[in-house]
Amino acid sequence: MTTEQIIDVAAGLILRPDGKLLLGQRPEGKPWPGWWELPGGKLEPGETVLQALARELDEELGIRVTQATRWVTYVHAYPHTTVRLAFCRVTGWEGEPRGLENQRLEWVDPAHAASVGQLLPATLPPLRWLRLPDTYGISNIGSPAGVPGFLARLDAALARGLRLVQLREPGWPEGPAAPSLHDALQQVLQRCRAAGARVLVNSIHPQDWWREADGVHLRSADAAALDTRPLPPENHWVGVSVHDAAQMTQARALGADFAVAGPVAQTASHPGQPGIGWDAFVAMNRDAGLPAYAIGGQTMDTLATAREYGAHGIAAIRGVFGA
């Protein structure tokens, strides 16, 4: 019995400031000729992912990478080989990309990348992940009396560019006389949709709300109790809170769109409880197969650091909305 070898590949998402992404068309003489892909190639012995990426982009495109960060590692099985793709975001380079291997190049809008032609199957997941905003705001309304103040903070965050919000209110008062959290959700939805933002509802709240909004954010315990994705991918997003590698594996098995991993650092909501630290975040996220937001002590000031450690972005309550 033979064990199939997995080929390690570094793949670059070369992103211009206007959001356009560079794709290359595989030339004749290579497998899958005519199909479009992200530039990159196999790791050589002793190379790190970023070293291999820099070498490949120099050889393929004639550019010198000056800014790149690891993003998502994803395993894809083709009919005759299996590849472990280390996707990296490339946001700085010197030189103008040229097809040095007789490949056509095109700058595309990631949302409409298929307009250039057939895309390699392993290219499709990162195109979907690019739709995720880099900041995920988690609500902190607290009580009915807090609604006006939170809506003001929400308006300010939306004006700053926030495009993904989670309604999470475990402490909301219950009982027939309690003001409705559902009414607050309606106000949040109205504001977010006017700004082009999405709203996910935490799984502590009713399932009908998940469908009314743009999806659900599953608590780790709720994710563990599921065998399949709870909402169809065509119309809704599914996020999952994870605290260890096993929970990350479950999130991937459910077909989640992203994970929120941590807490990386101590938070005001859990004083005295140290975070897991960046090394543990990296280990948890190493073979995640989906984007992960870092949570715990995160603010807009830590976004660049989070990306250096492979996070898609940051998730926060106070770091996005304030106290």
Side-chain angles (χ1 to χ4, degrees), residues 2-16 19-65 68-91 93 95-132 233-234 252-253 255 257-258 286-291 310 312:
T2 60
T3 301
E4 182 182 18
Q5 182 180 7
I6 296 178
I7 299 173
D8 284 295
V9 172
L13 288 94
I14 303 174
L15 293 160
R16 294 194 318 205
K20 291 292 183 69
L21 172 73
L22 186 67
L23 292 179
Q25 188 179 36
R26 293 181 65 82
E28 293 296 328
K30 286 191 173 185
W32 301 74
W35 291 62
W36 291 81
E37 65 178 350
L38 297 164
K42 301 176 186 176
L43 273 67
E44 293 184 350
E47 279 187 323
T48 68
V49 166
L50 292 180
Q51 287 170 344
L53 180 71
R55 176 183 53 76
E56 287 285 347
L57 298 190
D58 180 28
E59 294 172 0
E60 287 186 29
L61 306 173
I63 63 173
R64 189 178 78 85
V65 174
T69 55
R70 294 194 61 167
W71 185 29
V72 179
T73 300
Y74 177 80
V75 175
H76 184 86
Y78 284 102
H80 302 294
T81 187
T82 298
V83 292
R84 180 165 42 225
L85 293 139
F87 291 113
C88 305
R89 289 185 286 199
V90 180
T91 52
W93 63 90
E96 185 64 26
R98 295 171 290 129
L100 300 182
E101 298 180 347
N102 298 317
Q103 75 274 38
R104 283 182 55 200
L105 302 177
E106 291 286 346
W107 290 101
V108 301
D109 177 348
H112 305 287
S115 62
V116 298
Q118 289 180 304
L119 302 173
L120 276 184
T123 301
L124 300 176
L127 294 176
R128 185 172 66 249
W129 300 330
L130 283 177
R131 299 169 57 196
L132 293 167
E234 293 79 16
R252 183 172 64 248
D257 296 286
F258 64 88
R286 182 170 288 118
D287 296 309
L290 72 168
H312 177 80

side-chain hydrogen bond (donor to acceptor under 3.5 Å, both in side chains) involving [X] - partner list, sequence neighbours excluded:
X      : value
Glu101 : Lys30
Asp8   : Arg84
Arg128 : none
Arg70  : Thr73

Item to complete: Before giving the answer on side chain to side chain donor-acceptor pair (under 3.5 Å), spell out for Trp71 and His312 the whole-Å C-alpha distance, their side-chain angles and the decisive distance to 0.1 Å.
Response: CA-CA 6 Å; Trp71 185 29; His312 177 80; 3.1 Å; yes
Worksheet entry | Short N-O contact, Arg55 and Glu44, less than 4.0 angstrom | yes
Discussion item. Suppose we screen for side chain to side chain contact (heavy atoms under 4.5 Å, CB included). Which residues come up paired with Ala68, at least two apart in sequence or across chains?
Written reply: Leu50, Leu53, Val65, Val90
Item to complete: With sequence neighbours left out, write down each residue that passes side chain to side chain contact (heavy atoms under 4.5 Å, CB included) with Pro110, or none if nothing qualifies.
Response: Leu21, Leu127, Leu130
Worksheet item: With under 30° as parallel and over 60° as perpendicular, where do the rings of Trp129 and Phe87 fit, or are they tilted in between?
Response: perpendicular
Worksheet item: So which pairs with a foot in residues 105-125 pass salt bridge (charged side-chain N to carboxylate O under 4.0 Å, His left out), sequence neighbours left out?
Response: Arg104-Glu106
Item to complete: Compute both the distance and the angle, then confirm whether Arg16 meets the cation-pi test with Trp107: under 6.0 Å from the six-membered ring centre, within 45 degrees of the axis.
Response: yes
Worksheet item: Taking only residues at least two apart or on different chains, which pairs with a member in residues 115-126 satisfy side chain to side chain donor-acceptor pair (under 3.5 Å)?
Response: none
Residues two or more places apart in sequence or in another chain: which of them pass salt bridge (Lys or Arg N to Asp or Glu O under 4.0 Å) with [X]?
X      : answer
Arg131 : none
Arg26  : Glu37
Lys20  : none

Is there a donor-acceptor pair closer than 3.5 Å between any side-chain N or O of [X] and the backbone N or O of [Y]?
X      : Y     : answer
Gln51  : Thr48 : yes
Gln103 : Glu60 : yes
Gln25  : Gly34 : yes

Discussion item. side-chain contact (heavy atoms from CB on, under 4.5 Å), that's the test. Do Thr82 and Val75 meet it? Break it down for me.
Written reply: CA-CA 7 Å; Thr82 298; Val75 175; 3.6 Å; yes
Testing the basics here: between [X] and [Y], what is the closest heavy-atom pair and its distance to 0.1 Å?
X     : Y      : result
Gly99 : Leu105 : N-CD1, 3.6 Å
Val72 : Gly289 : CG1-C, 3.7 Å
Leu57 : Pro39  : CD2-CB, 3.8 Å

Worksheet entry | ring pair (Phe, Tyr, Trp, His ring centres under 6.0 Å) partners of residues 35-55, not counting sequence neighbours, each pair once | Trp32-Trp35
Practice prompt. Taking the six-membered ring for Trp and the full ring for Phe, Tyr or His, determine whether the centres of Tyr78 and His80 are under 6.0 Å apart.
Written response: no
